[in-house]
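This is a predicted model, so every value here is computed, not measured.
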Amino acid sequence: MPDLPPLLSLEEAQRRILDRVAPLATEQVGLTEAAGRIVAEAASARVDLPPFDSSAMDGFAVRSEDTPGRLPVLERIAAGRPASRPLGAGEAMGIATGAAVPDGADAVIPLEEVVEEDNDIEIGARVEAGAHIRPRGGDLRDG
């Protein structure tokens, strides 16, 4: 077997590579041409995403301190249409995935975890504060 040269240290290998490469020139391209490219400078968000506390599930917005128990459903909140008023003590509001969580609510309980009858819901177990809520800015923060 022929004699092989000794292995390079990690630092020496990295130095040799960096001595032979140069950054590519930058260019501005339209958004439709940007797929597969790398940004040349830091990108920052202009808004919080999501822009409000939003429901991660179809279910019911509740106050965790009101669970378990039976609660009247006073309103149904669709995505893109906020509640008409804050959620009060001892109340629930139906809520769609992506909809804004109403003021006063601190949790969402999924549809599958309640029994709904005559516009009331029966919640069999305590719901933890923050459950199934995507917080404002949880994905991206302004700046």
Side-chain angles (χ1 to χ4, degrees), residues 1-69 71-116 119-143:
M1 181 179 277
D3 288 334
L4 298 175
L7 293 177
L8 298 175
S9 69
L10 178 61
E11 294 77 17
E12 176 61 17
Q14 186 177 35
R15 186 193 63 73
R16 287 185 184 188
I17 292 169
L18 293 176
D19 284 348
R20 290 173 173 81
V21 298
L24 297 173
T26 61
E27 62 181 332
Q28 287 193 356
V29 297
L31 186 59
T32 58
E33 302 167 43
R37 293 175 178 254
I38 298 170
V39 296
E41 56 190 52
S44 60
R46 294 184 182 169
V47 296
D48 288 341
L49 289 179
F52 44 76
D53 289 351
S54 67
S55 177
M57 306 286 290
D58 287 343
F60 297 90
V62 297
R63 293 171 2 129
S64 58
E65 64 194 63
D66 293 336
T67 66
L71 303 172
V73 179
L74 299 183
E75 189 172 337
R76 307 279 172 165
I77 308 165
R81 181 179 225 164
S84 64
R85 66 179 186 76
L87 181 74
E91 300 174 343
M93 291 183 181
I95 191 164
T97 302
V101 175
D103 289 341
D106 67 356
V108 171
I109 185 166
L111 290 170
E112 301 83 3
E113 295 180 16
V114 302
V115 175
E116 186 173 7
N119 218 36
D120 286 350
I121 57 170
E122 185 70 38
I123 303 167
R126 175 145 175 83
V127 178
E128 294 298 319
H132 305 292
I133 293 179
R134 295 176 53 227
R136 177 183 181 148
D139 293 338
L140 293 173
R141 285 259 180 223
D142 180 9

Task: Audit row: D48, L140, side chain to side chain contact (heavy atoms under 4.5 Å, CB included) steps and yes/no - done: CA-CA 6 Å; D48 288 341; L140 293 173; over 6 Å; no
TODO: Using distance alone, with no hydrogens and no angle criterion, decide if S84 and E75 have a side-chain donor and acceptor under 3.5 Å apart.
DONE: yes
Task: Closest approach of A79 to A96 (non-hydrogen atoms, all atoms of both residues) - done: N-CB, 4.0 Å
Task: V73 side chain near M93 side chain, heavy-atom distance below 4.5 Å - done: no
Task: Closest heavy-atom pair and its distance - G143, S44 - done: O-CB, 3.5 Å
Open item on the list: Testing the basics here: between I121 and A92, what is the closest heavy-atom pair and its distance to 0.1 Å?
Closed with: CD1-CB, 3.7 Å
Open item on the list: Rounded to the nearest 0.5 Å, what separates atom OG1 in T97 from atom CG in D58?
Closed with: 3.5 Å
Task: Other residues, nucleotides, ligands: >12 heavy atoms within 6.0 Å of E12 CD - done: yes
- [ ] Begin with the C-alpha distance, continue with both residues' side-chain angles, and end with the deciding distance and a verdict on side chain to side chain contact (heavy atoms under 4.5 Å, CB included) for L71 and I123.
- [x] CA-CA 8 Å; L71 303 172; I123 303 167; 3.8 Å; yes
Open item on the list: I need the R15 CZ to L8 CG distance, nearest 0.5 Å.
Closed with: 9.0 Å
Open item on the list: For Q14 and L18: C-alpha separation, side-chain torsions, deciding distance, then whether side chain to side chain contact (heavy atoms under 4.5 Å, CB included) applies.
Closed with: CA-CA 6 Å; Q14 186 177 35; L18 293 176; 3.9 Å; yes
Task: Steps toward salt bridge (charged side-chain N to carboxylate O under 4.0 Å, His left out) verdict (R63, D66) - done: CA-CA 6 Å; R63 293 171 2 129; D66 293 336; 3.0 Å; yes
TODO: Give the minimum heavy-atom separation between A83 and I77, together with the two atoms involved.
DONE: CB-CD1, 3.8 Å
Task: Shortest non-hydrogen contact from R85 toward L74 - done: NH2-CD1, 2.8 Å
Task: Reported OG-to-CD1 distance for the pair S54 and I133, which is rounded to 0.5 angstrom - done: 9.0 Å
Open item on the list: For the backbone of S64 and the side chain of R126, can you confirm whether one donor and one acceptor N or O come within less than 3.5 Å of each other?
Closed with: yes
Open item on the list: Is any side-chain heavy atom of R136 closer than 4.5 Å to one of P51?
Closed with: no
- [ ] With the side chain counted from C-beta on, respond yes when P102 and I95 share a heavy-atom pair under 4.5 Å apart, and no when they do not.
- [x] yes
- [ ] Would you mind reporting whether E113 and V127 have side-chain heavy atoms less than 4.5 Å apart?
- [x] no
Task: Derivation and outcome, side chain to side chain contact (heavy atoms under 4.5 Å, CB included), residues E27 and R37 - done: CA-CA 11 Å; E27 62 181 332; R37 293 175 178 254; 2.8 Å; yes
TODO: Kindly indicate whether the side chain of P50, heavy atoms from C-beta on, has any atom under 4.5 Å from the side chain of D139.
DONE: yes
Task: Side-chain heavy atoms of F60 within contact of R76, under 4.5 Å - done: yes
Task: Shortest non-hydrogen contact from P86 toward E91 - done: O-OE1, 4.3 Å
TODO: State, with a plain yes or no, whether a side-chain heavy atom of T67 is found less than 4.5 Å away from one of V62.
DONE: yes
